[in-house]
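Below you'll find the structure, written out as structure tokens, and then a few comments.
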Amino acid sequence: MKYPIASLFVRPWTLSGISPELIESHYEVNYGGTVNRLNAIVEQLDCLDRTTTPPEVIHRLKRDEFTALNSMLLHELYFSSIGGDGRAVPAEMTAALTRDFGSVNRWRDEFIGLAGSLAATGGAGWVLLTYVPRDGRLINHVATDDGHAIAGGIPVLAIDMYEHAYHIDFGANCTAYIAAFMRNIDWKTVEQRTQNAAKVAPPPKLVQPEFADMSSVTVEDVEAMLKSGQRVQIIDARPRHYITKAMDMMDGAVWRDPERMDDWIGELSKDDPVVTFCVYGFHIGCQTAVALRDRGFDAKYMTGGHFGWKAKKGAMKLMES
Ligand SMILES: [Fe+2]
């Protein structure tokens, strides 16, 4: 595909403390150069004979394509991040920043701090405010080399910290450039981007329709229960054929053969909750919890199972012999 040059989003003459000359140079030389470079790379890739081209050539071109594409996208975001009154943060954006950073000021301090640290360490790149649909939250982060984007994240605000973004007006005075950028943030557009990003559904979660009505607890829930000293009966219900080869188990759990429930159910108390789990958190742990609930116990299964607990770095012990 051929990437078109996007029109300049910001009206340069409206900016406070940032000259039209700087924006013109940035747009024409750097943004335009990036789009032209990207199109040249794409053309090269399109013309390659995949059967005869050395893999390292394709690798280099794909890496260059990624860098140029990200640079183009981030420049377009940058030029639409400014052009407003940076002090007037709209209500919904204030609520989102307060939710994820504690307050607008705390967000601002972190964002400015990141931009300043990039300049102070001689680095160059971007500082981005990005919405992550997986978690439904905003995060500030640094993106150097026109890369380092958060997978699945949607950046909603960008400051360009490459020297070409400020040296015409500010020389080496990055602090003044960052302050001018903050004064000119177009919050209405940033808010609109954030609202659009929030409509993106998070990635699909594991669903087990056959256990949809069954109560579960996460490994984090179980860890919190144990830390709080809450009495809980934890049953490792991994199948016998699996357990004979297992080396370790969750500390605080006892292994019980899920196929011989009648042999051990008498040990359990109905006064305290029961948590069951299997290897990965699929059928056996769920079925054991269902069977215990049918017998009147307050039983839930632990999502993620044995390996979920290990991935959380929960306490482990060697298998009982
Ligand atoms: Fe730039």
Side-chain angles (χ1 to χ4, degrees), residues 2-42 61-84 86 108 110-131 139-150 153-187 189-190 193 197:
K2 196 146 181 78
Y3 291 93
I5 295 275
S7 298
L8 193 55
F9 192 94
V10 64
R11 291 159 172 76
W13 65 92
T14 65
L15 294 173
S16 157
I18 296 175
S19 70
E21 291 74 24
L22 174 58
I23 298 295
E24 288 160 11
S25 163
H26 198 173
Y27 175 76
E28 178 197 330
V29 178
N30 306 104
Y31 170 70
T34 294
V35 178
N36 290 330
R37 189 167 67 253
L38 174 60
N39 281 324
I41 295 165
V42 170
L61 283 167
K62 292 303 288 182
R63 190 189 58 208
D64 293 348
E65 179 192 41
F66 165 83
T67 304
L69 177 60
N70 238 25
S71 175
M72 178 189 80
L73 295 171
L74 290 174
H75 275 104
E76 289 172 6
L77 175 61
Y78 173 74
F79 291 127
S80 66
S81 291
I82 47 178
R108 195 186 300 270
E110 185 179 285
F111 191 86
I112 291 173
L114 280 174
S117 71
L118 203 50
T121 54
W126 303 84
V127 177
L128 307 173
L129 173 65
T130 294
Y131 182 83
I139 186 170
N140 286 327
H141 65 103
V142 168
T144 53
D145 302 327
D146 288 317
H148 301 168
I150 291 177
I154 302 168
V156 296
L157 172 71
I159 179 169
D160 188 335
M161 290 304 297
Y162 287 88
E163 203 181 52
H164 65 240
Y166 57 84
H167 72 106
I168 289 177
D169 281 359
F170 300 94
N173 190 350
C174 297
T175 306
Y177 163 61
I178 296 166
F181 174 87
M182 300 303 289
R183 268 202 314 279
N184 285 285
I185 291 176
D186 181 354
W187 280 114
T189 303
V190 176
R193 283 181 184 279

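Just follow the structure's listing: the first ligand is 1, and inside any ligand the first atom is 1. FYI, side chains are in, hydrogens and waters are out, and symmetry mates aren't considered; it's all heavy atoms of this structure. Worth saying up front: this structure is predicted, and the values here are computed from it rather than measured.
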Measure the shortest side-chain to side-chain distance between Met182 and Ile112 over non-hydrogen atoms and say whether it is less than 4.5 angstrom. yes
So, at under 2.8 Å, which protein N, O or S atoms would a careful student list around the Fe ion (ligand 1)? His26 NE2, His75 NE2, Asp160 OD2, His164 NE2
Say whether His26 and His75, considering side chains only, have a donor N or O and an acceptor N or O under 3.5 Å apart. yes
Taking the side chain as C-beta and beyond, is there a heavy-atom pair between Val10 and Tyr78 under 4.5 Å? no
If I compare all heavy atoms of Phe111 with all of Leu128, which pair ends up nearest, and what's the gap? CE1-C, 4.0 Å
Show the nearest heavy-atom pair for residues Phe170 and Ala180, with the distance to one decimal. CZ-CB, 3.8 Å
Side-chain donor-acceptor pair present, Ser80, Arg193, cut-off under 3.5 Å: yes
